[in-house]
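Okay, so here's the structure we're looking at.
Atoms within a ligand are numbered from 1 in the order they appear, just like the ligands themselves.
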Amino acid sequence: MALMAVADALNRVLAGAAPLPAEAAPLAEAHGRVLADDVAARRTQPPANVSAMDGYAVRAADVAVAPSKLKVIGEVAAGHPFEGTVGAGEAARIFTGGVLPPGADTIVIQENATRQGDTVVVTSGAGKGKHVRAEGLDFARGAVLLNKGRRLTDRDLALAAAMNHPSVPVHRRPKLAALATGDELVMPGTSPGFGEIVYSNGYATMALARREGCDVIDLGIVPDRLAETAAAVRRAHDLGADVLVTSGGASVGDYDLVQKALAVEGLELSFWKVALRPGRPMMHGRLGAMHVLGLPGNPVSAYVCAVLFLVPLIRRLAGRTDEEPQREPARLGCDLPANDERADYLRATLAPGPDGIPVATPAAVQDSSMLTPLARADCLLVRAPHAPAAKAGEIGSIIRLGP
Ligand code: AMP
Ligand code: MG
């Protein structure tokens, strides 16, 4: 199978993926999720004319000439409406959020009034409607204020609550199972024997998946044996994973059993070689409804492939339409040689540039096993296949890496 271009591979990954079904998410769990339906206001806000200030509810006609003396006939506070009606020559003490009593049409702020027992002297008049928040000022019952497809911001949650929704219809969170393969892998904090290495790549990809809104099932490490690998794949399937992400063993070496195990379980393979660096042995397919991404074992390759393919897949499943990693311009911090047929994603740091465009400087050594430059990198500097040699200061394209 020839190497597939990154864009074609991504198209394949996304072509088979649709937003997951809707569920009602409590507002406290809905931040960043995507609405599966329009949300209409269940009430009018404010539900009545209310005072925006502390002061006195009056008839504008009574305070057209100042000073004017009015009889105080009652008190209104937020949540405690006043039963009576404000007649000519009368006023009601009112506090912010209090419902404007019938008869009154204007608020005189307390700074412009002097209380004397059960009367108040208004020292400075107010035009009709002053400091009154009219019923429906914010929104009216039935108005659709949050549309299907919207990714909910923190402010949207407050709005939905004010619209009287305890929960909102959003696409279900993707459930992602992560599986590492390799006889040489041991858990961090143990005492690795000769030839063993510490399992690392999953910690980055699982954190990335969680940041993108997945529920993550950590299936741990399986040895390079077909039966165990196949059993773990089955487990992911039985647990109802929407996405299975494997790492390592994705090539066709004697100990690369992920493809074979997936084939045994009935994988419909879509591709397993992509024209990129790092990360050529990158596999994709479907096992029933479960999307399968086989990431390379090398931690840097695994992470870069997760940024390029897993993140867009998760976003598509979550209902987002901004699936692809955003590209930004940056100036090259050093000269770069011409590129070969594989797209290159160089780990690079960013510094502010003199003209406002950031300067991206790739790490001197770009080895797909090296975590130090990956951890220090602020971005991936993208080199297209066959990109010609470029000089420091020229404009390139970057993908920023998250926190
Ligand atoms: P593989 O793709 O299985 O051939 O692995 C490629 C390289 O990545 C080998 O040097 C592995 O030891 C290493 N590797 C594989 N899986 C992991 C992992 N989960 N964490 C760290 N390194 C890994
Ligand atoms: Mg391996």
Purely on distance, is any nitrogen or oxygen of Tyr199 under 3.5 Å from one on ligand 1?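 In fact, backbone or side chain, Tyr199 has no N or O that close.
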Is there any N or O on Ala250 that sits under 3.5 Å from an N or O of ligand 1?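 No, Ala250 has no N/O under 3.5 Å of an N/O on ligand 1.
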Which heavy atom of the protein is the closest neighbour of [atom], given with residue, atom name and distance?
| atom | result |
| --- | --- |
| atom 11 (C) of ligand 1 | Glu184 OE2, 2.9 Å |
| atom 23 (C) of ligand 1 | Gly297 O, 3.3 Å |
| atom 1 (P) of ligand 1 | Gly249 N, 3.5 Å |
| atom 7 (C) of ligand 1 | Asn298 OD1, 3.6 Å |

Does ligand 1 have any atom sitting under 4.0 Å from a heavy atom of Pro299?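 It does, in that a heavy atom of Pro299 comes within the 4.0 Å cut-off of ligand 1.
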Nearest 0.5 Å, what's the SG-CE distance between Cys305 and Met283?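 Rounded to the nearest 0.5 Å, the SG-CE separation comes out at 11.5 Å.
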Which bit of Ile197 is near ligand 1, meaning a heavy atom under 4.0 Å away: side chain, backbone, both or neither?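 Contact part for Ile197 vs ligand 1: side chain (C-beta onward).
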Hey, is the main chain of Glu394 close enough, under 3.5 Å, to the side chain of Arg331 for a donor-acceptor pair?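 No.
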Please determine if Arg12 forms a cation-pi arrangement with Phe271, meaning its NZ or CZ atom is less than 6.0 Å from the six-membered ring centre and no more than 45° off the ring axis.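 Not satisfied by the 6.0 Å and 45° rule.
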Pair Asp37 + Lys148: basic N to acidic O under 4.0 Å: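 Salt bridge absent between Asp37 and Lys148.
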